[in-house]
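Positions are given from 1 along the sequence. In this text the structure is predicted, and so the values were computed from the model without any measurement.
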Amino acid sequence: MKHTGARPWETDAPIRVGISACLLGQLVRYDGTHKHDPFLSQTLGRYVEWVPACPEVEIGLGVPRPTLRLEWREKEVALIMPSENRDLTNVMRRFAARRIKDLMDADICGYVLKKNSPSCGMERVKVYKPEGQPAGTSRGIFADVLLQKMPYLPVEEEGRLHDPRLRENWITRIFAFHRLKTLWASRWTLHDLVDFHTAHKYLLLAHSPQHYKTLGQLVAQAKEFSRAELKSQYEAEFMTALKRLATPAKNCNVLQHMLGFFKKELPEDVRKEIREAIEDYRQGIVPLIVPITLIAHYARRLQIEYLLNQVYLSPHPKELALRNHV
């Protein structure tokens with residue numbers, strides 16, 4: 001039967017996620033407007049607790065305010081207010097260090113940034129010469145500090161989240177990071193870590209077979225490490241693994257592994273139906289949810305505990321319908 005007892009990484013505690021405040025509809029942009037994203041605020045908002053921030057307002061700039069941009073100053077990227085030739089780089093970096101410490105204390109499990117922002121853009125933010133000519137791209141100053149201070153935090157820009165694969169990957173990582181942080185917050189034992197790792201095996205295999213192998217070796221050799229070393233190395237490898245996209249080829253590999261559990265349990269015609277669904281997914285005819293639903297159905301019907309305990313079958317709330325589009 002499926003595991004029914006409470007495990008230290010299972011919790012109903014809120015999942016806190018940082019977000020650029022304008023994406024929630026707050027009127028904090030330089031021109032007094034917002035960039036409200038209904039999917040984030042309304043759909044995903046039912047499952048996470050948003051922790052909004054607007055770095056530019058929080059360092060004391062008004063609404064509306066003169067525009068900011070990134071410029072090359074003395075071979076470094078600086079945050080500049082061109083209308084006043086005002087350099088806000090150090091002010092923003094000092095603020096970011098304090099604000100990110102607060103976010104760490106709030107135990108956030110993810111962050112979504114505003115694209116193209118000189119403060120919050122995660123990548124490809126335009127950089128200019130002081131004279132005004134474009135001179136490459138970089139990352140917003142606040143975003144840069146965030147990514148340095150919290151390297152394993154699931155971070156994305158709202159623009160990239162319009163890509164179904166990137167959206168599914170980011171949300172998978174948020175929920176996985178929350179489970180992992182919940183484990184670390186408990187009085188966890190090696191047995192608890194083995195249980196956690198076992199439940200995430202197929203999810204890891206779908207994202208990175210290389211890290212799947214490395215993490216398996218780490219858990220097998222866990223007694224050779226201190227608790228602090230084990231925690232640090234496992235978290236780094238686990239979150240790095242999930243950042244890799246789960247491709248159709250890797251998903252099909254996992255689905256075939258799962259199908260192997262039915263070899264003696266289901267008649268050939270039923271297994272053929274599942275194989276055909278996997279192949280249809282491989283060819284892009286149906287989304288991932290189709291073979292997943294079939295396998296989950298027969299795992300429940302036959303009460304195959306190992307499969308029922310695999311997070312891969314349900315890494316995030318089904319109501320988000322993320323696998324209907326990948």
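- In this structure, the side chains of Asn169 and His207 come closer than 4.5 Å at one or more pairs of heavy atoms.
- Looking only at side-chain heavy atoms (C-beta outward), Ser117 and Glu157 stay at 4.5 Å or farther from each other.
- The backbone N or O of Asp192 lies less than 3.5 Å from no partner atom in the side chain of Asp195, so there is not a single donor-acceptor pair.
- With respect to the salt-bridge test (charged N to carboxylate O, under 4.0 angstrom), the residues Asp102 and Arg98 do not qualify.
- Rounded to the nearest 0.5 Å, atoms OG (Ser20) and CD (Gln26) are 10.5 Å apart.
- You'll find the side chain of Thr198 reaches within 4.5 Å of the side chain of Val194, heavy atoms only.
- Between the NZ atom in Lys318 and the CD1 atom in Ile289 there is a gap of 9.5 Å [rounded to 0.5 Å].
- Using a 4.5 Å heavy-atom threshold, the side chains of Val77 and Thr89 count as separate.
- Judged by distance alone, the side chain of Arg244 and the main-chain N or O of Ala241 form no donor-acceptor pair under 3.5 Å.
- In terms of the side chain to side chain contact (heavy atoms under 4.5 Å, CB included) criterion, residue partners of Glu268 (sequence neighbours excluded) are, by chain and number, Arg271, Lys272, Arg275.
- In this structure, Lys181 is positioned above the aromatic face of Phe177, its NZ or CZ under 6.0 Å from the six-membered ring centre and within 45° of the axis.
- Considering all non-hydrogen atoms of both residues, Arg29 and Val63 come closest at O-CG1, 3.6 Å.
- Rounded to the nearest 0.5 Å, atoms OG (Ser232) and CZ (Phe225) are 11.0 Å apart.
- Heavy atoms of other residues, nucleotides or ligands lying less than 6.0 angstrom from NZ of Lys35 number 12 at most.
- Test Lys115, Arg167, Lys114 against Glu158 for salt bridge (Lys or Arg N to Asp or Glu O under 4.0 Å) and you get one pass: Lys114.
- Using a 4.5 Å cut-off between side-chain heavy atoms of Ile, Leu, Val, Met, Phe, Trp and Tyr, with links allowed through other members, Val219 and Trp9 fall into the same hydrophobic cluster.
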- request: Walk me through it: do His211 and Leu204 pass the test side-chain contact (heavy atoms from CB on, under 4.5 Å)?
  value: CA-CA 7 Å; His211 287 89; Leu204 290 165; 5.7 Å; no
- prompt: Step by step, would you call Leu288 with Glu168 a side-chain contact (heavy atoms from CB on, under 4.5 Å)?
  reply: CA-CA 11 Å; Leu288 179 58; Glu168 199 271 341; 5.7 Å; no
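- There is a path of hydrophobic side-chain contacts, each under 4.5 Å, that joins Leu307 to Leu266.
- To the nearest 0.5 Å, atoms CH2 (Trp72) and CD (Gln133) are separated by 14.5 Å.
- The other members of the hydrophobic cluster of Leu322, by chain and number, are Ile15, Val17, Ile19, Leu23, Leu24, Phe39, Leu40, Leu44, Tyr47, Val48, Trp50, Val112, Leu161, Trp170, Ile171, Ile174, Phe175, Leu320 (side-chain heavy atoms under 4.5 Å, ILVMFWY only).
- Side-chain atoms of His36 do not come within 3.5 Å of backbone N or O of Gly25 as any donor-acceptor pair.
- Ion pair Lys129/Glu131 not flagged as a salt bridge, since none of the NZ, NE, NH1 or NH2 atoms sits closer than 4.0 Å to an Asp/Glu carboxylate oxygen.
- If you chain together hydrophobic residues whose side chains sit under 4.5 Å apart, Val57 and Leu68 never meet in one group.
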- request: Kindly indicate, with the supporting measurements, whether the criterion side-chain contact (heavy atoms from CB on, under 4.5 Å) is fulfilled by Leu308 and Arg300.
  value: CA-CA 7 Å; Leu308 292 174; Arg300 286 192 300 269; 3.5 Å; yes
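- One finds the CD atom of Gln303 at 9.0 Å from the CD atom of Glu305 (value rounded to the nearest 0.5 Å).
- Across all their heavy atoms, Ala206 and Val254 have their closest contact at N-CG2, 3.7 Å.
- A continuous path of hydrophobic side-chain contacts links Tyr212 to Met239 [ILVMFWY only; heavy atoms under 4.5 Å].
- Between Glu56 and Met92, the closest side-chain pair of non-hydrogen atoms falls below 4.5 Å.
- Sorted by first and then second residue, the ring pair (Phe, Tyr, Trp, His ring centres under 6.0 Å) pairs involving residues 268-323 (not counting sequence neighbours) are Phe261-Tyr306.
- When all heavy atoms of Pro291 and Val286 are compared, the closest pair comes out as CD-CG2, 4.5 Å.
- Atom-to-atom distance recorded for Ser119:OG and Arg139:CZ is 14.0 Å, nearest 0.5 angstrom.
- Between the side chain of Glu58 and the main chain of Cys54, a donor-acceptor pair closer than 3.5 Å is present.
- Residues satisfying the ring pair (Phe, Tyr, Trp, His ring centres under 6.0 Å) test with His197, not counting sequence neighbours, are Tyr234.
- When all heavy atoms of Ala222 and Leu190 are compared, the pair lying nearest together is CB-CD1, 3.3 Å.
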message: Working note: Lys126 + Arg69, criterion side-chain contact (heavy atoms from CB on, under 4.5 Å); need CA distance, chi angles, decisive distance, verdict.
response: CA-CA 8 Å; Lys126 289 183 180 178; Arg69 73 183 184 191; over 6 Å; no
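- Closest approach of Cys120 to Ala143, counting heavy atoms only: O-CB, 3.6 Å.
- Using a 4.5 Å cut-off on side-chain heavy atoms (C-beta onward), Leu166 and Leu245 make contact.
- Using a 4.5 Å cut-off on side-chain heavy atoms (C-beta onward), Glu49 and Arg16 make contact.
- Residues Ile80 and Val125 do not share a hydrophobic cluster, clusters being chains of Ile/Leu/Val/Met/Phe/Trp/Tyr side chains in contact below 4.5 Å.
- Take His200 and apply the side chain to side chain donor-acceptor pair (under 3.5 Å) test, not counting sequence neighbours, and it matches Arg179.
- Residue Ala199 comes nearest to Gln310 through the heavy atom pair O-OE1, 3.3 Å, listed as atom of the first residue, atom of the second, then distance.
- Other residues, nucleotides and ligands contribute over 12 non-hydrogen atoms within 6.0 Å of the CD atom of Gln42.
- Residues Leu79 and Phe142 form no side-chain contact, since every pair of their non-hydrogen atoms from C-beta on lies 4.5 Å or further apart.
- Residues passing the side chain to side chain donor-acceptor pair (under 3.5 Å) test with Gln148 are Asp144, sequence neighbours excluded.
- Arg7 and Glu10 are joined by a salt bridge, as a carboxylate oxygen and a charged side-chain nitrogen come within less than 4.0 angstrom of each other.
- The pair Arg46-Glu319 fails the salt-bridge criterion, with no side-chain N (NZ, NE, NH1 or NH2) lying under 4.0 Å from an Asp/Glu carboxylate O.
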